[in-house]
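Just so you know, residue 1 is the first one in the sequence shown, and it goes up from there. Heavy-atom basis, side chains included; hydrogens, waters and symmetry copies ignored.
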Amino acid sequence: MTETATRTAYDAVAVLYADTFRNVLDDLPLDRSLLTAFAELVRPGPVADLGCGPGHLTAFLHALGVDVSGIDLSSGMIAQARADHPHLRFAEGSMRSLDLPDAALAGVLAWYSIIHMAPPELPAVFTELHRVLAPGGHLFLAFQSSGEGGPEAFDHKVALAYRWPIDDIAALTREAGFTEVARFLRRPSEIERFPAGNLIVRKP
């Protein structure tokens, strides 16, 4: 799916999406724990929450003492984030080409924001994320996971998306120059259809 189509799709549902996911972490204790561990790895920052949506995870990391800002393709999502969290920084942008200097960040969070990219795009995206991270910086990826056999397209409610085996995502990050730190696979919650894959990698 093209970047323009993804942006348009999320603009159309920004208010509903914000209402749906504003308190989603309340029912996901394992996700909260992983995000808290990530905060300890990257604190004080700076950190970019890429594909931040309505800013709920940006705010979660900020509350843990992280200097974090949110970036999203969708102007509608950015408007929701600014309305909900006026004390935080949000901007429109694409992780395919970030308006950031080399080695500018201590951490990058990409929470279910790589899923709308066609599989051939991901190597270049991971190279871009490697560029903006400082040596020793961490990248935390979350995505819907699949079994063996490569990425699988699925009918995401907003826009076409792909789920991946953790091994495949780990291999792509390794090819981009990252070193794996940790991985976690959990079963779907009551509101999810697929297992959740989590991968933390580090720029040497």
Side-chain angles (χ1 to χ4, degrees), residues 10 13-95 98 100 104-116 129 132-134 136-145 156-158 161 166 169 181-192 194-202:
Y10 274 96
V13 299
V15 175
L16 176 62
Y17 190 98
D19 290 342
T20 301
F21 290 99
R22 185 170 286 115
N23 300 309
V24 68
L25 286 180
D26 291 352
D27 298 318
L28 296 171
L30 294 176
D31 288 11
R32 292 199 308 271
S33 296
L34 292 169
L35 287 162
T36 299
F38 174 69
E40 292 191 17
L41 290 171
V42 300
R43 201 162 42 217
V47 170
D49 177 8
L50 302 182
C52 65
H56 53 300
L57 298 186
T58 319
F60 183 85
L61 292 177
H62 174 76
L64 294 172
V66 178
D67 175 15
V68 57
S69 59
I71 298 173
D72 201 280
L73 273 177
S74 164
S75 60
M77 287 294 189
I78 291 298
Q80 289 296 312
R82 288 171 173 165
D84 279 1
H85 311 287
H87 57 297
L88 299 179
R89 306 184 308 278
F90 297 97
E92 290 181 51
S94 167
M95 69 174 66
L98 292 163
L100 292 169
L105 300 174
V108 167
L109 176 66
W111 194 260
Y112 296 95
S113 52
I114 63 169
I115 65 171
H116 297 299
L129 301 187
V132 299
L133 277 167
H138 289 80
L139 166 63
F140 186 4
L141 299 164
F143 50 93
Q144 288 89 349
S145 184
H156 188 278
K157 291 182 179 179
V158 180
I166 291 183
I169 293 293
V181 174
R183 63 172 70 190
F184 187 79
L185 179 68
R186 67 161 174 78
R187 294 185 179 276
S189 70
E190 292 182 357
I191 62 171
E192 296 170 321
F194 305 115
N198 298 269
L199 183 70
I200 298 177
V201 296
R202 178 179 180 273

Do [X] and [Y] have side-chain heavy atoms sitting under 4.5 Å apart?
| X | Y | value |
| --- | --- | --- |
| Pro54 | Met77 | yes |
| Asp27 | Ser189 | no |
| Phe184 | Ile200 | no |
| Leu98 | Leu129 | yes |
| His56 | Asp84 | no |
| Thr58 | Val47 | no |
| Leu35 | Leu109 | yes |

side-chain hydrogen bond (donor to acceptor under 3.5 Å, both in side chains) partners of Arg32, counting only residues at least two apart: none

Considering all heavy atoms, the nearest [X]-[Y] contact:
| X | Y | result |
| --- | --- | --- |
| Gln144 | Ile115 | OE1-CG2, 3.3 Å |
| Ile78 | Cys52 | CD1-SG, 4.0 Å |
| Ile166 | Gly197 | CD1-CA, 3.9 Å |
| Ser145 | Phe194 | O-CB, 4.2 Å |
| Arg202 | Gly136 | NH2-CA, 3.6 Å |
| Gly53 | Ala81 | O-CB, 3.7 Å |

Going from [atom1] on [X] to [atom2] on [Y], what distance comes out if it is rounded to the nearest 0.5 angstrom?
| X | Y | atom1 | atom2 | value |
| --- | --- | --- | --- | --- |
| Leu199 | Leu34 | CG | CG | 11.5 Å |
| Thr36 | Leu61 | OG1 | CG | 8.5 Å |
| Asp67 | His62 | CG | NE2 | 9.0 Å |
| Glu92 | Ile71 | CD | CD1 | 11.0 Å |

Is there a side chain to side chain contact (heavy atoms under 4.5 Å, CB included) between Met95 and Ile114 once you walk through the steps? CA-CA 9 Å; Met95 69 174 66; Ile114 63 169; 4.2 Å; yes

Can you list the steps and then say if Arg186 with Leu28 is a side chain to side chain contact (heavy atoms under 4.5 Å, CB included)? CA-CA 11 Å; Arg186 67 161 174 78; Leu28 296 171; 3.8 Å; yes

Report the relative orientation of the aromatic rings in Phe140 and Phe38; use parallel for angles under 30°, tilted for 30 to 60°, perpendicular for over 60°. tilted

Evaluate the ring planes of Phe90 and His85, with Trp represented by its six-membered ring, and classify them as parallel (under 30°), tilted (30 to 60°) or perpendicular (over 60°). tilted

Please evaluate residues Val108 and Val42 with respect to the criterion side chain to side chain contact (heavy atoms under 4.5 Å, CB included), reporting the C-alpha separation (whole Å), side-chain torsions for both, the decisive distance (0.1 Å), and the verdict. CA-CA 9 Å; Val108 167; Val42 300; over 6 Å; no

Looking at Asp49 and Arg89, does any basic side-chain N land under 4.0 Å from a carboxylate oxygen? no

